[in-house]
Number of protein chains: 2
Amino acid sequence: MTNLVYRNYTKHYLSVDCVILGYEEEELKLLLYPRGFAPEEGKWSLLGGFVNENETIDNAALRVLYNTTGLEEIYLEQVHSFSEPDRDPGARVVSIAYYALVKINQQDIDLVREHGAHWWPLSKLPDLIFDHRRMVDKSIERLQQKASSQLIGSELLPETFTLIQLRNLYNAIFLRTFDPGNFRRKILSLDVLERLDIKDMSGSKKGAFYYRFTQKSLDMKFKPIFNLINQD
Amino acid sequence: MTNLVYRNYTKHYLSVDCVILGYEEEELKLLLYPRGFAPEEGKWSLLGGFVNENETIDNAALRVLYNTTGLEEIYLEQVHSFSEPDRDPGARVVSIAYYALVKINQQDIDLVREHGAHWWPLSKLPDLIFDHRRMVDKSIERLQQKASSQLIGSELLPETFTLIQLRNLYNAIFLRTFDPGNFRRKILSLDVLERLDIKDMSGSKKGAFYYRFTQKSLDMKFKPIFNLINQD
DNA sequence: CCAAAAGTGTTGCTTGTACACCCATGT
DNA sequence: ACATGGGTGTACAAGCAACACTTTTGG
């Protein structure tokens with residue numbers, strides 16, 4: 001099927017590397033694999049895999065995520081392609097970095113542990129192989145951009161959450177502390193959350209109301225995600 | 001040299017496609033090639049080329065630009081990778097889109113014409129092959145983002161320019177009209193332009209002062225560009 | 001009743017926007 | 001002198017940030 005004109009050109013190995021971010025204990029965590037062989041043995045690695053013949057790179061990323069974490073319908077965003085010829089000493093591999101946002105919960109932790117992976121706090125990352133550290137940095141930059149232009153949280157928090165939890169998430173993403181009053185007002189003015197009649201009593205005597213994203217806001221947010229999956 | 005482990009995986013054709021933008025007659029223009037053969041004969045194409053064995057994709061993009069326009073030291077930014085398996089009917093080719101900003105001047109126009117390329121106003125683009133239209137749209141989005149977070153213009157305008165020209169450029173990028181007074185104040189407050197003692201008398205009797213970017217601001221802007229070229 | 005966290009109000013400052021106004025000068 | 005576009009001033013509104021204040025309730 002391949003046009004003869006193309007025959008003269010080099011083909012390349014193509015991989016995807018996923019910066020999988022979760023939120024737990026008031027900080028962002030990154031899912032990493034230990035590398036058990038040379039070179040760079042002892043360092044840690046993003047979850048990655050090669051792109052197959054008949055799939056989009058977005059699908060390759062989803063496949064990698066599914067195979068290693070069992071998770072489906074994950075929020076994914078393409079970040080950047082990395083192509084230094086010697087970035088992978090084993091062969092010339094061009095890699096496309098993605099970031100993914102997932103909810104960390106116990107069953108995922110077990111599943112993930114079976115595969116040898118481990119959640120690392122972003123603030124205390126170990127040494128990463130190749131250019132993976134740059135992939136992480138660029139992903140965080142993108143995540144910050146995204147979080148400033150729209151309210152994120154539905155991908156990282158449980159379905160219902162308090163505004164305090166949401167604020168802590170934003171504190172973790174931006175590495176600063178937002179003013180409780182101002183944050184609350186600003187978020188509520190976006191008109192994407194609805195208050196439930198249940199309170200979280202664990203943090204205080206007064207209790208903090210639970211909120212959740214309105215269906216409308218979720219619909220709007222999920223559209224681009226599924227576009228991602230099926231139309232590149 | 002290739003590690004045996006990689007042998008099982010598919011290799012892919014990798015190309016770069018460049019959204020080359022220039023500014024002329026108060027509008028943004030896009031450099032396109034006519035496609036002279038089937039399929040999609042009669043449509044127009046971005047300037048592109050395949051990635052070679054031992055070059056970064058950034059360098060591939062620079063090479064394509066140099067070979068087709070003769071221009072060096074061009075401002076380049078990676079935008080997104082496109083990977084639908086059938087996006088190119090000739091073969092499975094994964095393509096990475098870049099946008100480039102260049103100054104249009106007469107000698108470039110001649111040079112470009114020799115290659116059969118043509119500058120098209122963004123507002124009146126012809127039909128493009130494959131997914132090139134999406135590449136253009138995504139590039140414009142990125143350009144707008146960039147232009148909102150920092151003053152661009154040194155790549156698109158002559159070395160000296162009036163604030164009116166700069167405003168027209170911004171009008172063209174954002175498809176709206178900025179208020180003359182407010183635009184001027186905001187731009188000058190950024191403290192990256194210096195006023196020359198020369199006036200452009202062509203537009204009015206009073207004349208409009210020429211400005212240029214300060215060396216300091218250019219140094220800061222060019223750093224990331226050359227990083228792009230040599231360290232992916 | 002009081003400590004402590006949740007939530008509201010108030011104020012001053014910065015920024016954006018609309019638009020009126022002044023300025024310089026070639027004809 | 002006046003029309004024309006360049007350039008400045010002003011006044012109002014919106015948004016942000018700091019922080020004081022009120023509310024609730026388990027101990």
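In what follows, chains carry the letters A, B, and so on, assigned in the order in which the sequence lines appear, proteins first and then strands, with residues in each chain numbered from 1. Since the structure is predicted, the reported quantities are computational estimates derived from the model, not experimental observations.
At a cut-off of 3.5 Å, with distance as the only test, a side-chain donor of A/Y98 or A/D58 sits close to an acceptor on the other residue. Side-chain atoms of B/Y75 and B/K146 include a donor-acceptor pair closer than 3.5 Å. With hydrogens and angles left out, the side-chain atoms of B/T162 and B/D200 include no donor and acceptor closer than 3.5 Å.
Separating the CZ atom of A/F178 from the P atom of D/dA17 is a distance of 8 Å, rounded to the nearest angstrom. At whole-Å resolution of the value, CG in A/D179 and P in C/dC13 are 18 Å apart. A straight line from CZ of A/R195 to P of C/dA6 spans 14 Å, rounded to a whole angstrom. The interatomic distance linking A/F174 (CZ) with D/dC16 (P) rounds to 13 Å, in whole Å. Rounded to whole Å, atom P of D/dG6 lies 10 Å from atom NZ of B/K199. Across the protein-nucleic acid pair, B/F161 atom CZ and D/dG6 atom C1' stand 17 Å apart, rounded to whole Å. In this entry the distance linking CZ of A/F183 with P of D/dA17 reads 12 Å, nearest Å. Regarding B/Y211, its OH atom lies at a distance of 12 Å from the P atom of D/dG6, rounded to whole Å.
Looking at B/E155 and B/K103, no side-chain N of the basic residue comes within less than 4.0 Å of a carboxylate O on the acidic one, giving no salt bridge. Using a cutoff of 4.0 Å between basic side-chain nitrogens and carboxylate oxygens, B/K43 and B/D127 are not scored as salt-bridged.
Here A/I164 lies in heavy-atom contact (under 4.0 Å) with sugar-phosphate atoms only. Across all strands shown, A/G181 has heavy atoms under 4.0 Å from base atoms, whether or not it also approaches the sugar-phosphate.
At least one side-chain nitrogen or oxygen of A/K186 sits closer than 4.0 Å to the OP1 or OP2 atom of D/dC16. The side chain of B/R184 places an N or O atom within less than 4.0 Å of a non-bridging phosphate oxygen (OP1 or OP2) of D/dT8.
When the nucleotides D/dT4, D/dG6, C/dA4 are ranked by their closest atom to the side chain of B/K205, D/dT4 comes out on top.
Between the side chain of A/K206 and the base of C/dA6 there is at least one donor-acceptor pair of N/O atoms closer than 3.5 Å. Looking at A/R185, its side chain comes within 3.5 Å of the base of C/dG9 through a donor and an acceptor atom.
Of the residues near DNA chain D, B/S204 and A/N182, the one whose nearest nucleotide (by heavy atom distance) lies more toward the 5' end is B/S204.
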